[in-house]
2 protein chains.
Amino acid sequence: MGAAADPPQTPGKTPGTTPDGSAPGGRPGRMRADALRNRRLILDAARDVFIEAGPDAPLDEIARRAGVGIATLYRRFPDRDALIRGVVMHTFTVLSDTVQAVREEAADPFDALRRFMHVALDEKIGAAMPALVGRVVFDDELDNARRGLGSPIEELLRDAQAAGLVRPDVAFGDITLMVIRLCRPLPAVAKLLVDDRLAHRQLDIYLDGLRSDGTPARHSLPPPLVTLADFDRIRAELHAAHEDENGSAPG
Amino acid sequence: MGAAADPPQTPGKTPGTTPDGSAPGGRPGRMRADALRNRRLILDAARDVFIEAGPDAPLDEIARRAGVGIATLYRRFPDRDALIRGVVMHTFTVLSDTVQAVREEAADPFDALRRFMHVALDEKIGAAMPALVGRVVFDDELDNARRGLGSPIEELLRDAQAAGLVRPDVAFGDITLMVIRLCRPLPAVAKLLVDDRLAHRQLDIYLDGLRSDGTPARHSLPPPLVTLADFDRIRAELHAAHEDENGSAPG
DNA sequence: AGTTAGTGGAGAGAATCTCTCCGCTTCTGC
DNA sequence: GCAGAAGCGGAGAGATTCTCTCCACTAACT
C-alpha cells in the first residue's frame, strides 16, 4: 500500500484543481465529505452494473443502484467515458496495491498468486477489462496504471513458475482472463445459488489445475497462449485505429 | 444418436401439426426446406446473441445476424418467449444426444466427462441457462427435456468419481456452471485474442483441477456445493412464484 | 407452370435513454 | 448557530431504440 493515487483528497491546499473548479475526468479535487462519499458509491455501482450489463449499460440504472440522483452522477462524471475511466482507474489502483501486499503476506509464490486472484475476483477486475480495450481513450495516466498492474501480475506468475509451483505452459491470459470470467455474475440462477462464493470455489479448482505437482508434464495445453505482450499489442492496434478514425490527419 | 426430437420433420404424414397450421411454440410441423433452414439460422443466431447480450437482447439484432428479415423471425416465433423456448429445447436436445455419444466413444469415465464439457462449450449450453430459470414458463415438454439432460450429466460425474478419476468433493454445479461461464464471450478483448480456443484451453486447465490424481485430499473446497437437486429446488420455487403472480388465485 | 407458403423491409407506435434545469437540502467556516 | 455556497434529487424534453404488423414480391413443392 501507500502509493495509492485514487482519491488524493489533499486536505490542505488543492493544487491540482482546475481554475474553473470542474474537476476534470471525474477526479476529486477538494470536495465536500458527502460529495466524496457519493462519488465512491457511484463508482462501486458503476463497476457492478458495467460487469453485469456491459459498458453501454444505462446510466440511470447506475445512479439508482448507487442510491443517488441521476443529476449527481452527471455532475461528477460529465459523460459515460469519464465514468468508465473512473472505474478503471480505481480498479487498477486497488489491484496494484494488492500485488504489493500479497507478495509480503504470502507463504510462497504460488500462495501469492492464489491470493491475488481471489482479491482480484472480489475487486471485480473484470470491470476494468471491457473498458481496457476499445472503449476508453487511453491517456498517459491510464496507460501507466495499466502497465503498472500488468507487469507485476506477470512477474507474480513467473515467480511461481520459477519455483516449480505452477505449470510452465500457462501464461498471463490464463490468469487474468479466467478471473474476468469468474467475475461476471451467472445469469439468473446465480443470484439464487449464492454466486460470489461459487466463483471462489471454482477458482480454487482452477488453481489446482494451474499447479504443477510432482507430475512432470501431464498433457499439453492447446493454444492460444496469451501473454501480456499480446494485450499490449492489441491495445496499440486499437489505439492506432482510433487515431486514424478521428485523430491526427484531418482530411 | 437416434432419440433426437428436435426437428421431427416427418417426411410423410404430419400428425403433430395443429389444424390451423400455426406451428405452436415455434416447432416445425412440416415446413418448406428454406423455411426449415431459416428456422435453424434464427435459432443459432438467437443462441449467440442471448449469450452475448442476455435474454432481453433486441430481436432485430438476432434477425440481422441470422441473415433473415425481422418478419421471418416473428412469423416463426410469435414472441420472445417462444424464441427462447426454441433455443433451450434445441440445446437440451443436442446435449442429451451428446451424453449418450460420449459414453460410447470415451476411453474412461473421466474422458467421457471431459469430452462432454468440451462439446457443451461448443454448443453454448450457456444459452439454455438464462432461460432455464426465471425467464420461460416450463411446460411438461421443456421440463422433461431439462430433467433428461440434468440426470445423465450428474451420472457422468458420479461415474468418474466412482472410478477415482475425479475428486469426490465436486458436484453438478462445478461442472455445468463452469461451462456456462466459459461459454460467454469475453468483453471486447475476446474477439481480438481468439476467444473460442481460449475457452477450451481454460477448460483443460480446469479439468486438471477436477482430476484426482494420486494425492488423496489436496485441500478442501469452500462451499457452496451445488447439486442438481439444488437446481430442481430453485426451479420449483420460481415456478411457484410464477403461479402465485399470475396464475391460480385471482385476487 | 401454377399455387401457395415463405420472404424482406418500411414504418407506426411504444418504450427507453440521455442530459439539463431548478428549487430544496446539507455541509463548512466562522 | 448562521450565512453562504456546494451539493442534491427528480421531472421532463428530445433523441434514440425496440417491437411488431402489413404488403408486395420470390422461390419452393406438385
Side-chain angles (χ1 to χ4, degrees), chain A residues 7 9-14 17-23 26-43 45-46 49-50 52-84 135, chain B residues 7 9-14 17-24 26-43 45-46 49-50 52-84:
Chain A
Q9 201 201 357
T10 22
K13 293 289 183 59
T14 46
T17 316
T18 45
D20 62 80
S22 71
R27 241 180 275 83
R30 168 96 148 99
M31 309 161 79
R32 247 167 58 174
D34 54 344
L36 203 58
R37 181 163 35 80
N38 278 338
R39 181 177 185 278
R40 183 51 156 280
L41 288 175
I42 291 171
L43 280 179
V49 172
F50 283 147
E52 285 171 33
D56 293 319
L59 300 184
D60 290 16
E61 165 72 7
I62 293 175
R64 200 187 53 71
R65 188 120 38 129
V68 306
I70 181 65
T72 301
L73 187 152
Y74 274 97
R75 191 173 317 107
R76 215 50 68 198
F77 303 96
D79 57 19
R80 174 178 241 102
D81 276 359
L83 179 54
I84 294 184
R135 185 77 213 195
Chain B
Q9 203 203 357
T10 21
K13 292 289 184 59
T14 47
T17 318
T18 44
D20 62 80
S22 71
R27 239 179 279 81
R30 168 94 149 102
M31 307 160 80
R32 244 168 58 174
D34 55 342
L36 202 59
R37 180 164 37 80
N38 278 337
R39 182 176 185 277
R40 182 52 155 282
L41 287 174
I42 291 171
L43 280 178
V49 173
F50 283 147
E52 283 170 35
D56 294 319
L59 300 184
D60 291 16
E61 165 74 7
I62 293 175
R64 200 187 54 70
R65 188 124 33 134
V68 305
I70 181 66
T72 301
L73 187 153
Y74 275 97
R75 192 175 316 107
R76 214 51 67 198
F77 302 96
D79 57 20
R80 182 182 293 277
D81 275 0
L83 179 54
I84 294 184

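Throughout, a chain's letter reflects where its sequence line sits, starting with A, and its residues are numbered from 1. Not measured: the values here are computed from a predicted model. Just so it is clear, the values below take in all heavy atoms, side chains as well, and ignore hydrogens, waters and symmetry mates.
Listed nucleotides: D:dC22, D:dC8, C:dT7. Nearest to the side chain of A:D34: D:dC8. Nearest to the side chain of B:Y74, among D:dC20, C:dT20, C:dT7, sits D:dC20. Taking every side-chain heavy atom of A:I70 into account, D:dG10 is the closest of C:dG29, D:dG10, D:dG7.
For the segment residues 57-65 of chain B, the set of residues with a heavy atom within less than 4.0 Å of an atom of DNA chain D comprises B:P58, B:L59, B:D60, in numerical order.
At the phosphate of C:dT7, OP1 or OP2 sits under 4.0 Å from a side-chain N or O atom of B:R75. Note on A:T72: every side-chain N or O is 4.0 Å or more away from OP1 and OP2 of D:dG7. The shortest distance between the side-chain N/O atoms of B:N38 and the OP1/OP2 oxygens of C:dG6 is not below 4.0 Å. Contact annotation: A:R76 side-chain N/O to D:dC8 OP1/OP2 distance is under 4.0 Å.
The two residues B:A63 and B:I70 come nearest to each other via the heavy atoms CB-CA, 3.9 Å. Across A:L73 and A:I42, no two heavy atoms sit closer than the pair CA-CD1, 3.8 Å. The two residues B:A46 and B:L83 have their closest heavy-atom pair at CB-CD1, 3.9 Å. Annotation for B:A66 and B:L41: closest pair CB-O, 3.6 Å, computed over non-hydrogen atoms. Of all heavy-atom pairs between B:L36 and B:M31, the closest is CD1-SD, 3.6 Å.
Partners of B:R65 under the side-chain hydrogen bond (donor to acceptor under 3.5 Å, both in side chains) rule, at least two apart in sequence or in another chain, are B:E52, B:E61.
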For this session: Would you sort out whether B:F77 and B:L59 count as a side-chain contact (heavy atoms from CB on, under 4.5 Å), showing the intermediate values?
Result: CA-CA 11 Å; B:F77 302 96; B:L59 300 184; over 6 Å; no
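Residue order along DNA chain C, read from the 5' end via each residue's closest nucleotide, puts B:V68 first among A:R80 and B:V68. Residue order along DNA chain D, read from the 5' end via each residue's closest nucleotide, puts A:A71 first among A:A71 and B:R37.
Note on the helix from C:dA1-D:dT30 to C:dC30-D:dG1: terminal axis deviation equals 50°, with five pairs used at each end and the result rounded to 10°.
At a threshold of 4.5 Å between non-hydrogen side-chain atoms, the residues B:Y74 and B:D79 do not count as touching.
The distance from atom CG of A:D56 to atom C1' of D:dT17 is 13 Å, rounded to the nearest whole Å.
The residue A:D79 sits apart from the nucleic acid: no heavy atom pair falls under 4.0 Å.
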